[in-house]
Structures are given as structure tokens and as C-alpha cells.
Amino acid sequence: LCGADELAVVSLPSYACQRHTPLLHHNTVLIDALSILAENAELSENEGRGVAFRRAGALLKSLPQEIRRVEQLRGQPCLGDHSLRVIKEVLEDGVCCEVETTKESRQFKAMKALTGIFGVGAKTADRWFREGIHTPSDLQRSGHNLNRAQRAGVQYYDDLNQPVRKAEADAIGLIVEKAVSEVLPGAKITLIGGFRRGKETGHDVDFLITHPEEGREEGLMAKVVSWLEAQGFLLYHKTTRNSYLESKDGPARPPSNMDRFERCFSIFRLTREESSMLSQCSGSRSWMAVRVDMVVSPYSQFAFALLGWTGSKLFERELRRWAVHERAMTLSSHTLYDSTKRQYLRANSEEEIFALLGLEYIPPCGRNA
Ligand code: ATP
Ligand code: MN
Ligand code: MN
């Protein structure tokens, strides 16, 4: 039944870190359907199921051509029965019932709206949903006690749910660069996260800060934050200090995928003067709120931090999974540990880390899994 054209797609390697995943791809409708199911699983705290749908979606993103019949996917990895069923239905009927039902469900809509509040995770949102709270306005009426992050999240809800554009990211980059060079000359900042992967928009802007003289970066975040605050750039910030050196369980095993760098999760106040492209601020307002993450790394760990904070989240997960299962190594945003040799492996660039892992180098634009 299969014509030659149907087998034209070569079978791809199964780990996302073994292949290029570009930003623009050929199977958007299928990927969007799988993303809804992934998102729903994540919001229901079913991580395993979420990852399965994400992996299936990422496989489709790596394909060099549009899929028209499910048979064309024969021999491809990462596609479980459930994902294949969804793909088949979308290809044959244009939509998948389960996806449409999910999108329309009260729970999914409410969980999306509530976790769209900065500082609100799936657990909290689920508790509120069960109490009949479905929207940020319901939440405000409920009189619940909110923490500082959540109060800021509600206050700047509309701005923070607008995509941040590259021009705004660049404007914030200039501000952070100024702050960093004022408090520690010679320190350098790098744009990381989605914008480093070539995305045109993002939900926030991420920066990595370091200084070529090891040790000079200590205490840097507090100074940067003070400077930014004094200049009126910060609407909210929460700084977490570096807990790497004090940790007892050893640097190769950070808890989950959290690392221990000094970091700051913040909300910037970006004015029209700083960004000439502020068309998205509503009405007469001359400023907008933008989520910004800043991380400080010692120079010796810079390559690992850069790789670990460039993403995507699935790409990072796949790198770590590859390291453990295929190389008996533990990769974190700080180091790479070789369990066989019982030693830490040093690297000065992302290219070196890929090489140590026995992987072909994938540039940031190919890490959009
Ligand atoms: P978006 O464009 O939506 O912001 P993004 O890829 O930049 O997408 P982020 O949530 O900003 O997503 O995360 C950027 C990178 O930082 C990801 O690779 C993620 O693994 C890493 N990261 C985010 N939060 C943490 C954290 N708490 N600890 C360690 N790494 C993190
Ligand atoms: Mn980001
Ligand atoms: Mn971020």
C-alpha cells in the first residue's frame, strides 16, 4: 500500500540532542495538536505523559517535509501509540477530538489562565480551581492571601501575558549591560533562553552574567539589582544566592533540573524612551512590565551555564538523558561528571561539551525541540 514517496523520510535519531530542531518547521498543525495535550498533561502534573507528547512534537519539528499520511512516519522513534492516534486523526479529519475537547474544557482554560499569573504553579492553580476560582478576576474577588510574586503577577497580568519581542529584549539588554558595567567593569552579559535560539518573541528575557577573573562575580547580582532598583527599572525582583558551594550532595547531582547559581527573577519597567517599539503598551501608557531572568556564573562554569540556560527545556532534558543513559555521565548547568572515570570533565565552550558527550555540535538555532 505504501508508495515509494511515502517512505521518503529517513528515520531520525531518537534523542533530540542528536538532531537539529529548527524554529520553522513543516508540520505545525500536528505539532500544535500534540502541544495542547502536552500542556494539559503538564497542568495536570502528569509529567511523564507531558514529556511523551513533547518528544513526539519535537520529532515532527525535525522532519524535513510535511507529513500527509501516518504511514510516512513508519520507523520513526519517539512516536507512541497515543501520539500516532492523534496524528492520524488530524491528518484524516483535520482535527482530533481529544484535542478539541481539551481546548474547550473548563479545567484546561482555567488552569491556563491561573498559571498565566507569574508566581502561580500547577499545584496552586489546581487548588484554586477546585474552590471555583477560574480567572484572575475570580482570584482577586476571592480575597485569597497572595505572596509577593503572585501579587505582582496579578498586578501586571496583561503585560506579562503579551509576548516580549526581540526589540524589547535588546532594549533590556542595553540596560542590564549598563548596570553590569557600572558595578563591575569587565563583566560580560550574554542573551540566553529562547532569544539566543533565534525566537522572535518570548515570555521573558534571560541573561547570563560572568567575569573573566574567577571570583570577581561573587556578590555581583545584589549590586546589579541595587543599581537597577535605584534607577527605577525594577517592579519586582527576587534574588536567590549561589548555593552551589555549600551543597552537601555534590555538584554533579543538583536536585531535579534546578541549578544553584546566584539568580534573579524580576519584572522590569520598560519605558518608551528605552524601547522605541513599545506599540503594545495599552492606550496612553508610556511603559510596560516585562519578565526578566538574570543568572550569574563563575567563569569556569560559563560554558555549562550557557548550554544549560539556552534551552529549550526539552532539549536540556534530552541532553541530560543522553549523558546518563548513553555515556554514564551527569550533566548539569555547572559541570559534567564522568561516572566511569570518576572525574569532572572541564570545558571552555559548548562545542567542547558536545564533543565530551560524543555528540555532533548543535548550534542554538537547532535546539528548538
Ligand atoms: P520563552 O521564550 O518562553 O521564555 P525559554 O526557552 O527562554 O522560552 P525559559 O523558561 O525562559 O524558556 O527558560 C530558559 C532556559 O533556562 C531553559 O533552558 C531552562 O531549562 C532554563 N531554566 C529556567 N528556569 C530554570 C531554573 N530554575 N533552574 C535551571 N534552569 C532553568
Ligand atoms: Mn525565556
Ligand atoms: Mn526565563
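Both counts, for ligands and for their atoms, begin at 1 and track the order of listing. Because the structure is a prediction, the values reported are computed rather than measured. Sequential numbering from 1 along the given sequence is applied to the chain's residues.
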Any N or O of [X] closer than 3.5 Å to N or O of ligand 1:
{"X": "T310", "value": "no"}
{"X": "G202", "value": "no"}
{"X": "D293", "value": "no"}
{"X": "S312", "value": "no"}
{"X": "G311", "value": "yes"}

Option from E131, R127, Q150 for which side chain to side chain donor-acceptor pair (under 3.5 Å) with H144 holds: E131
Option from R291, R269, R285 for which side chain to side chain donor-acceptor pair (under 3.5 Å) with D159 holds: R285
Whether H134 and F129 hold their rings parallel, tilted or perpendicular, with breakpoints at 30° and 60°: parallel
Parallel, tilted or perpendicular: ring planes of W227 versus F233, cut at 30 and 60 degrees: parallel
Pair [X], [Y]: side-chain N/O donor-acceptor within cut-off below 3.5 Å:
{"X": "S300", "Y": "E214", "result": "yes"}
{"X": "E217", "Y": "H211", "result": "no"}
{"X": "Q140", "Y": "S137", "result": "no"}

Any R197 side-chain heavy atom under 4.5 Å of C365 side chain: no
Distance in Å, H25 NE2 paired with S62 OG, rounded so as to fall on 0.5 Å steps: 9.5 Å
Atoms of ligand 1 close to [X] [distance to a heavy atom under 4.0 angstrom, numbered from 1]:
{"X": "R197", "result": "6 (O)"}
{"X": "K199", "result": "1 (P), 2 (O), 3 (O), 8 (O)"}
{"X": "G194", "result": "5 (P), 6 (O), 7 (O)"}
{"X": "R263", "result": "26 (C), 27 (N), 28 (N)"}
{"X": "D206", "result": "7 (O), 11 (O)"}
{"X": "D204", "result": "4 (O), 11 (O)"}

Contact with ligand 1 for G308, non-hydrogen, under 4.0 angstrom: yes
Within the 6.0 Å centroid threshold, strictly below: F265 and F118: no
Atom nearest to the Mn ion (ligand 3) - D293, N, O or S atoms considered: OD2
The Mn ion (ligand 2) to nearest N/O/S of D204 less than 2.8 Å: yes
Region of E316 engaging ligand 1 - heavy atom pairs below 4.0 Å: side chain
R260, K313, H203: member with heavy atom nearest to atom 4 (O) of ligand 1: H203
N, O or S atom within D206 nearest to the Mn ion (ligand 2), by name: OD2
